[in-house]
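What follows is a short report on a single structure.
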Amino acid sequence: MANLIDSITSSRVWKSFFRHGWPDDELNRSLVMTTNIFFHLHPVKVSRRSIRATYTWGLGVLAAILFVVLAVTGTLIMFYYVPSTELAYHNIIDLQTKVPYGQLMRNMHRWAAHGMVLIVVLHMARVFYTGAYKPPREFNWIVGVVLLLLTLGASFTGYLLPWDQLSYWAITVGTNIAGYTPLIGPKIRLMLLGGFEVGQNALTRFYALHIMVIPLLMTLLISLHLWRVRKDGGLAAQNIPERPDSRLEFQ
Amino acid sequence: MAVENKPDERFVRGPVKTYGLMELVRGRSPMVEKGPDDTVFSFPIVAILEALLALGTILVLGFFSLVRNAPLEELANPDLTTNPAKAPWYFMALQELLLHMHPVLAGIIVPGVVVLFLIILPYIDTDRSDAGRWFATPRGPKWVYFTALYTVIAQAGLIYFDEVMGLRGLGAASPLLLQFVGPIMFGVILFALPLLVVWRFKPTRRELMLVIFTIIIVSAITLTIAGFLFRGPGMHLYPPWGMPDGYNPWSSL
Ligand code: HEM
């Protein structure tokens, strides 16, 4: 058995996939991080303070995890959903009653969406109250503000898709708010809805925004956001010494 | 022809030496005064933490989805308005504001100012010496706590006042006063009061931001809860447990 594992892990095929040895020494633990596209978001070593649960509460990572969950469950729902005012509502009913685990998929997508709005707001509050928006992280804070707006946009555009009374009137009320802007308000509303009322054109546009435009933008911006976290020298926590009286100044 | 541009002479011709001493600045070499190296390997610790978070999220979400179904009402009907007709919960703060002031103020100016504040915040408060510390200073938590408490009470009071009496009840009639001047005045007072109080303690910029941000976010939360949980048919205030017509605010999630 040990021989078999040995010959697999020392084969050229294996080595072309995993470009490091068993991660039980410092060299290989470093290589795991630098040779893996997901792990390379992290530095090889992180400061102990920055991974404390009570510093970040894991909120940024949670937001990213929820984004992935939404992408996966959303894709599954897309297999059964047609964005037509004739079909959409019945597709949702079929999804819930005829498709195996369809109801579960829809539930998870819905609750993850609400959860993500909540978590992103909490993450912003965490970043604010830890003062992590200060230089050199100003730009990443602004990327965050845009991400918050995109998260709201994703949630709002998705809300219309089931085409029930709830979605219809919520989107009517919501887009009316946009219509109040002086001069350009009605034009913005017209552009969003593709008409003066919520109808097929609105459904088509919200669908395109919901499954394509906003997720793409968010993927881009989340990548930028995480990359900036590293470029700004990791989380702000590590610059703070344990005891305030031993306060040091850092550039 | 006093000043003549001679582009050729602006650069060193033939890079014999491409660097020079330009200036001396105060600074530190990278490791000076950084204290002992307090780091851990990302692998496996961070990797495991993140995997656990992902698993936990999926478990909690999956379990919740087994016990609570996403709502689905009747087929959309443009001829049958629901009562109340509410925006999704994360826009309820805006919809709640709309009940109290002119749409331009509630829908555009107030949210615009909030977003603008968020964007310029890191350029107002740039002192990085306390970045990464929760609530900035030892007195920070207390300030945040009292500001939050004050904001909840003030906002809830204002919402209730506007519902039962409002400026109209006090005899005001002009739309300008009711929809613009009045709300702006209340808004200014809402921010000015706590700022005047903390001013006496010589706040740092970060502490000022702490107070302002807390007023904003707690206001948003209070307005959201008021709009989402306490508004019933006709967008009137009711206790969430005593809604008329069997309306259940939670059913719109
Ligand atoms: C889709 C939404 C978002 C995702 C997926 C996301 C993800 C993350 C992650 C994974 C981190 C690493 C630290 C942590 O886990 O807390 C982080 C840090 C950070 N985020 Fe976000 N974020 C989002 C939205 C926001 C928003 C709305 C803001 C602020 C307006 C923001 C500002 C920041 C800043 C400044 C940092 C650096 C924090 C520090 O150095 O302590 N992010 N983000």
Side-chain angles (χ1 to χ4, degrees), chain A residues 23 29 32-33 39 42-48 51 58 61-62 65 69 89 92 103-104 106-108 110-112 114 117 125 128-135 138 141-142 145 152 155-156 159 162-166 168-170 173-174 177 180-182 197 236-237 239-241 248-249 251, chain B residues 27-28 33 35 38-44 46-47 49-50 53-54 57-58 61-62 64-65 68-78 81-82 85-88 90-91 94-95 98 103-104 107-108 118-119 121-123 125-126 128-136 206 213 217 252-253:
Chain A
R29 283 183 178 176
V32 170
M33 300 317 272
F39 284 149
H42 302 283
V44 167
K45 296 177 101 180
V46 294
S47 93
R48 215 178 274 280
I51 57 169
V61 174
L62 273 178
I65 291 169
V69 169
Y89 181 71
I92 297 291
Q103 176 85 61
L104 184 68
R106 174 160 187 249
N107 292 352
M108 284 183 76
R110 182 87 168 195
W111 303 136
H114 287 325
V117 174
F128 173 80
Y129 285 115
T130 53
Y133 52 82
K134 298 167 173 232
E138 320 94 302
W141 167 266
I142 293 177
V145 174
L152 291 175
S155 224
F156 184 64
Y159 211 87
W163 203 252
D164 63 344
Q165 280 288 71
L166 204 57
Y168 185 89
W169 290 104
V173 171
I177 300 180
Y180 293 132
T181 325
E197 264 159 39
N239 295 345
I240 294 297
L248 304 171
E249 237 191 87
Q251 293 300 318
Chain B
R28 293 184 172 83
E33 285 191 25
D38 191 18
T39 55
V40 290
F41 270 93
S42 302
F43 192 90
V46 176
L49 287 177
E50 285 173 351
L53 263 183
T57 309
I58 293 168
L61 195 64
F64 191 76
S65 299
R68 274 271 175 285
N69 279 343
L72 188 68
E73 294 188 354
E74 306 288 296
L75 177 67
N77 182 353
T81 318
T82 55
K86 288 189 185 176
Y90 36 82
F91 287 151
L94 286 184
Q95 205 183 341
L98 278 167
V104 170
I108 311 301
L118 290 179
I119 288 176
L121 165 72
Y123 302 94
D125 173 23
T126 53
R128 53 175 92 175
S129 66
D130 58 2
R133 181 179 290 130
W134 273 93
F135 302 116
R206 168 107 185 263
F213 184 88
I217 197 161
S252 68
L253 271 181

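Only a predicted model underlies this, so the values are computations on that prediction, with no experimental measurement involved.
By number of non-hydrogen pairs under 4.5 angstrom with chain A, the leading residue of B:L61, B:T57, B:N69, B:L118 is B:N69. Options A:Y129, A:W163, A:Y168, A:Y180 differ in how many heavy-atom pairs under 4.5 Å they form with chain B, and the most are formed by A:Y129. Note on B:L121, B:I58, B:T126: by heavy-atom pairs under 4.5 Å with chain A, the leading option is B:L121.
Summarising the geometry, atom CG belonging to A:N107 is positioned 9.0 Å from atom CZ belonging to B:F64; distances are rounded to the nearest 0.5 Å. Residue B:L72 holds its CG atom at 8.5 Å from CG of A:L166, rounded to the nearest 0.5 Å. One finds the OG atom of B:S252 at 5.0 Å from the OH atom of A:Y159 (value rounded to the nearest 0.5 Å). Here the OH-CH2 distance, from B:Y123 to A:W141, works out to 12.0 Å after rounding to the nearest 0.5 Å.
Judged by distance alone, with hydrogens and angles left aside, the side-chain atoms of A:Y89 form a donor-acceptor pair with the main-chain N or O of B:E73 at under 3.5 Å. Of the possible polar contacts, none joining the A:T130 side chain to the B:W134 backbone as a donor-acceptor pair under 3.5 Å is found. Here the side chain of A:Y133 pairs no donor or acceptor atom with the backbone of B:D125 at under 3.5 angstrom. The backbone N or O of B:N77 lies less than 3.5 Å from a partner atom in the side chain of A:Q165, making a donor-acceptor pair. In this structure, A:D164 contributes its side chain and B:A76 its backbone to no donor-acceptor pair below 3.5 Å. A:H114 places a side-chain N or O within donor-acceptor distance of the main-chain N or O of B:L253, the cut-off being under 3.5 Å.
Closest non-hydrogen pair, A:P135 versus B:P122, comes out as CD-O, 4.2 Å. Considering all non-hydrogen atoms of both residues, A:K134 and B:R128 come closest at CD-CA, 4.2 Å. Taking every heavy atom of both residues into account, B:G107 and A:I177 meet most closely at CA-CG2, 4.0 Å. Of all heavy-atom pairs spanning B:S65 and A:L104, the tightest one is CB-CD1, 3.8 Å. The two residues B:P71 and A:R106 have their closest heavy-atom pair at O-NH2, 2.9 Å.
If you measure heavy-atom distances from B:L98 to chain A, the contacts under 4.5 Å come from the side chain alone. Both the backbone and the side chain of B:I119 come within contact range of chain A, each with at least one heavy atom under 4.5 Å from a heavy atom of that chain. The contact between B:V46 and chain A is made entirely by side chain atoms (from C-beta outward), counting heavy-atom distances below 4.5 Å. For A:V44, the parts sitting under 4.5 Å from any heavy atom of chain B are the backbone and the side chain alike. For a residue to count as touching a neighbouring chain, one of its non-hydrogen atoms must lie under 4.5 Å from one of that chain's; by this rule A:W111 touches chain B with backbone and side chain alike. Heavy-atom distances place the side chain of A:I142, and not its backbone, under 4.5 Å from chain B.
A search for side-chain contact (heavy atoms from CB on, under 4.5 Å) contacts involving B:F43 returns A:P23, A:R29, A:V32, A:M33, A:F39, B:A47, not counting sequence neighbours. Annotation: side-chain hydrogen bond (donor to acceptor under 3.5 Å, both in side chains) contacts of B:R68 (sequence neighbours excluded): none.
Ring pair A:F156/B:Y90: centre-to-centre distance not below 6.0 Å.
Within the 4.5 Å cutoff, the side chain of A:V173 has heavy atoms near those of the B:Q95 side chain.
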